[in-house]
Amino acid sequence: MSARALQPSLRTGTIAGLGLAVLFVLSLAVGVSPMPLGRVLSDPEALQLLLVSRLPRTLAAILSGAGLAIAGLIMQTLARNRFVEPATAGTAQSAELGILLVTLLFPAAALPVKTLVAGGAALLGTSIFLATAHRLPPAQPFLVPLFGIVYGGVIGAAATYAAWQADLLQFLAVWTNGDFSGVLRGRYELLWIAAVMVAIAWFVADRLTIMALGREASIGLGIDYARMVQIGLVLVSVITALAVAVVGMIPFVGLAVPNIVSRLMGDNVRGTLGWVAAGGAGLVLACDIAGRLIRYPYEIPVGTVMGVVGGAIFLWLLFRRGAHA
Amino acid sequence: MIRIENVSFKHRTTPILTDVSLTIPKGGVVALIGPNGAGKSSLLSLVARLQPLQTGAIDIDGLPVDSTPGRELARVIAILRQDTTVASRLKVRELVGFGRFPHGRGRLTAADHAIIDAAIARFDLADLADRFIETLSGGQRQRALVAMAFAQGTDYLLLDEPLNNLDMYYARELMRSLRSIADGKGKTVVIVLHDINQASAHADRIVAMKGGRIVADGTPTEILTPETLEAVFGFNMRVETIEGKPFVLHQL
Amino acid sequence: MPDRRLLGLAAAALAAAVAFLAIGLKGNIAFVLELRLVKLAALVQVGVAIAISTVIFQTVTGNRILTPSIMGLDALYLFGQMLMVFLLGGVGYVTLDPQMKFGLEVLVLMALASALLLPMLKSRLDMGLMLLAGVVFGVLFRSLHSLLARLIDPNEFSVVQSASFANFNAVRTDLLVFAAIVTVIAAVIAWRARHVLDIISLGPDTATGLGVGWAGTVTGLLLLVSALVAVSTALVGPVAFFGLLVAALAERIVDTRRHGVLLPAAALAGIVVLVGGQTLFQHALGNATALGVVIEFVGGLVFLLLLVLGSRK
């Protein structure tokens, strides 16, 4: 394998942009009630549907997809392991436990408050994961995601038990399984914070690339490694908590997209970050549209669709890599 | 000038370094030699603030390593550890370019690009510049890492066994390169070497360590004697003089 | 002295069974006792099935932290079940005799499991890679399972819910007899194969050298494991870490990997934990449904501990 890797050229950029635009329009058009995009301006009912439901839903998919893909990228940098992401590092499960507990204790708390608590819990859970992951032998890279998945499973078991006792299992399902069908104007706007997080990630992109070289190389180049780890953890936790609280967790986005982009373009984050964000947005949007169409007019939650699509991509990545080594 | 004063270092309860003091003036090549576990790498890590100081003091050109901001130090001193692995899919040019990070925080000027190109040319990487690191051989990767440290453009360069993975040709080329940047640009190179004869051929000064202490310090001619070598490595070896330089026939 | 420890385990299992039957017995004693006996039989079966399948699976894969369910076998069972519903159609599926249906499901799982696991075992993949792939297979099949469930009946949410945790309190007693036959046959086969298992644990090269045909034996053992997993999953639902917990516990107690001792020890430990745990939760803690979650939680912690400690050596 030589440097035949795909360059982020103008042409591929145009194709990707077009693809995303097509998905965007499709997402606006597809749904239970018909959406006559051609005469939306003359049809007040259609316009209303577009602005209240379809557009917010589409934006929510784009924001959470881009955010979760970037969160995965950062998580992989922090753990120095390609096979981790918020859903396989206990981050999502910690956020779910956090939001469950705050719902139990303060049922009246507003969504931003609950999201904040979820973010705090995610931060704690991910920090513990990271501290342990760094103790696992680097020669066995598969132990880290394995540890993360079971660690997340244990936290998830605690959350399920608590939800069960409090008869909140329905609520828990809302947070653990991503679903955009309930997204309306006024209910998703918190997700724009994820866009801010992506912007911050772009700002520190070079530092993220260097951090992937390891602690010593980072310090050698004058980076405050400990502080950057904290910043990375905050970014990952905030994005994950937002996704969990607003639309529910979507697995595998953070895993599949950065890995594919890395394969095509390498790991220079300054150059790949935009692609990762766009890829995440496109993948989630496509899965949501598919979920709306597979069993039309019923909907299948995006989390379920992504569990299948993302799981298949993950396995493909695993065995492709195995075949290469 | 690197000043190391009364530095001791423990890993948990095991002493790694005991009361080490050393002054390395600006300019020249200093080789650190000694048996495995002598504390050479630890000393280098401490100087490059990769590990926190426990006791003692280290400063570089008057900048104490434990309190100077990391970014400022990164413009004064560069380090290459012996076990550096690059898991990222980066191209050689990108990797070398990150050596300029302490200067522009990621924004590369024309001057930066010139430095990067010079580093790539100096370490014979021009043909490999657009290859991904993972596709290189161990020796090529090692040269790319040295080039990255070199591109950092610091007055002080710390290299921990950089000859690992290099064949005879590139080992000699690297030592000659280091010699020439020390002579031509007045840089200071501190290098851990296992090949004593490379130290003899290219270093101005040899510092020998054993058991966490400095046991000998001087020019190659002073250090590379059968007596001193036996004291450091624990066995007798023949030393011959060729073209005025001592060479150790430790294989015999 | 593993024999004395085995006796101790047997005594503990017996005590747990007696406690399960006797504590809080009142009202129509004959009726309650019969109810409890049926349930006890089911729990014993599940405990034995999971314990034996885990020990065999660990031996075949040469890894102490693997269990069939970590490798996604129980998710595979649920998926196979759903696949049958999907292919046969709701009506055709419902009209099938439950015993017959279960028999079919067992066969489907055996086929799916060998199709999936045998290539992985044969290509001697890195153990960590296999583990990770198994875990992801689990996630994938759980997702596929709920996807199919939605496709079959878009309004039915409870089907999906059922896939998340084992419930030891609501055992499918209608399958009991059939499941018992499978379990007993499998247990007898496992017991007779105990010496072969000892040799299999030495790895393929040594086993082949000692005249044990690796591929054939391993295939047979995997089919055995699949059948046992089908039994336990059909009776109580998926249990991720119970097998790990029991196998680790048994090995700690008898301190040997010899299958002649380990297999009965694990089976007994399975009974002790399951029956004893259910008694404890039912009467002392007053919460009969919680055992499944608690076992998952503790088992998960044991897994993490084994992972971290094991990798440090």
Side-chain angles (χ1 to χ4, degrees), chain A residues 1-8 73 76-84 138-139 141 144 202-228 258-273 275-276 321 324-325, chain B residues 41 44-45 47-52 65 68-95 97-108 127-136 145 148-149 151-152 154 157-160:
Chain A
M1 203 169 64
S2 67
R4 282 181 291 106
L6 189 65
Q7 284 298 312
L73 177 74
Q76 284 148 30
T77 302
L78 295 183
R80 295 193 73 196
N81 188 299
R82 286 200 190 285
F83 296 108
V84 294
V144 174
W202 193 81
F203 188 71
V204 297
D206 286 316
R207 265 162 270 200
L208 288 173
T209 312
I210 293 174
M211 282 175 76
L213 302 177
R215 176 182 167 273
E216 296 188 333
S218 307
I219 296 176
L221 289 172
I223 285 176
D224 190 338
Y225 188 77
R227 175 120 150 269
M228 275 308 296
N259 270 292
I260 291 172
V261 171
S262 160
R263 220 174 265 282
L264 296 176
M265 295 169 194
D267 288 329
N268 191 347
V269 180
R270 176 72 70 207
T272 61
L273 189 123
W275 292 88
V276 172
R321 185 191 142 114
H324 266 267
Chain B
S41 296
L44 236 50
S45 299
V47 173
R49 47 79 176 91
L50 299 184
Q51 302 194 55
V65 294
T68 309
R71 186 182 167 192
E72 200 173 319
L73 274 178
R75 287 183 294 224
V76 179
I77 188 162
I79 181 163
L80 174 62
R81 296 269 290 155
Q82 63 169 315
D83 46 8
T84 305
T85 52
V86 180
S88 301
R89 271 170 58 82
L90 291 174
K91 292 178 182 170
V92 171
R93 185 181 297 281
E94 289 174 329
L95 182 78
F98 279 113
R100 298 306 297 163
F101 185 81
H103 303 273
R105 307 306 266 173
R107 272 175 295 281
L108 297 179
D127 294 341
L128 307 172
D130 288 315
R131 291 254 305 263
F132 279 111
I133 299 289
E134 62 188 6
T135 67
L136 303 185
L145 287 166
M148 171 179 162
Q152 215 171 320
T154 55
L157 197 52
L158 308 183
L159 302 166
D160 196 348

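Residue numbers begin at 1 in each chain, while the letters A, B, ... track the order of the sequences.
Side chain of B:Q152 to main chain of A:G220: a donor-acceptor pair is present (N/O by atom type, distance under 3.5 Å, no hydrogens or angles). With hydrogens and angles ignored, the 3.5 Å screen pairs a side-chain donor or acceptor of B:R89 with a backbone N or O of A:R263.
Proximity to chain A is limited to the side chain of B:L95, based on heavy atoms less than 4.5 angstrom apart. Neither the backbone nor the side chain of B:R75 comes within contact range of chain A, judged by heavy atoms closer than 4.5 Å. In this structure, chain B has a heavy atom under 4.5 Å from the side chain of A:R80, while its backbone stays farther away. Contacts of A:D224 with chain B are absent, with no heavy-atom separation under 4.5 Å from either backbone or side chain. The contact between A:A212 and chain B is made by backbone and side chain atoms together, counting heavy-atom distances below 4.5 Å. In this structure, no portion of B:L73 lies under 4.5 Å from any heavy atom of chain A.
A distance of 10.5 Å separates CZ in B:R71 from CD1 in A:I223, rounded to the nearest 0.5 Å. Taking CG of A:D206 as the reference point, atom CZ of B:F101 lies at 5.5 Å (rounded to 0.5 Å). Distance check: B:M148 CE to A:L213 CG gives 5.5 Å after rounding to the nearest 0.5 Å. Atoms CZ and CZ, on A:R207 and B:F98 in that order, are 11.5 Å from each other to the nearest 0.5 Å.
The closest side-chain heavy-atom distance from B:K91 to A:N268 is not below 4.5 Å.
Taking chain A as the reference chain and counting heavy-atom pairs below 4.5 Å, the highest number among B:Q51, B:R49, B:E72, B:E94 is found for B:R49. Of the listed residues B:G97, B:G70, B:A149, the one with more heavy-atom pairs under 4.5 angstrom with chain A than any other is B:G70.
When all heavy atoms of A:I219 and B:A48 are compared, the pair lying nearest together is CG2-O, 4.5 Å.
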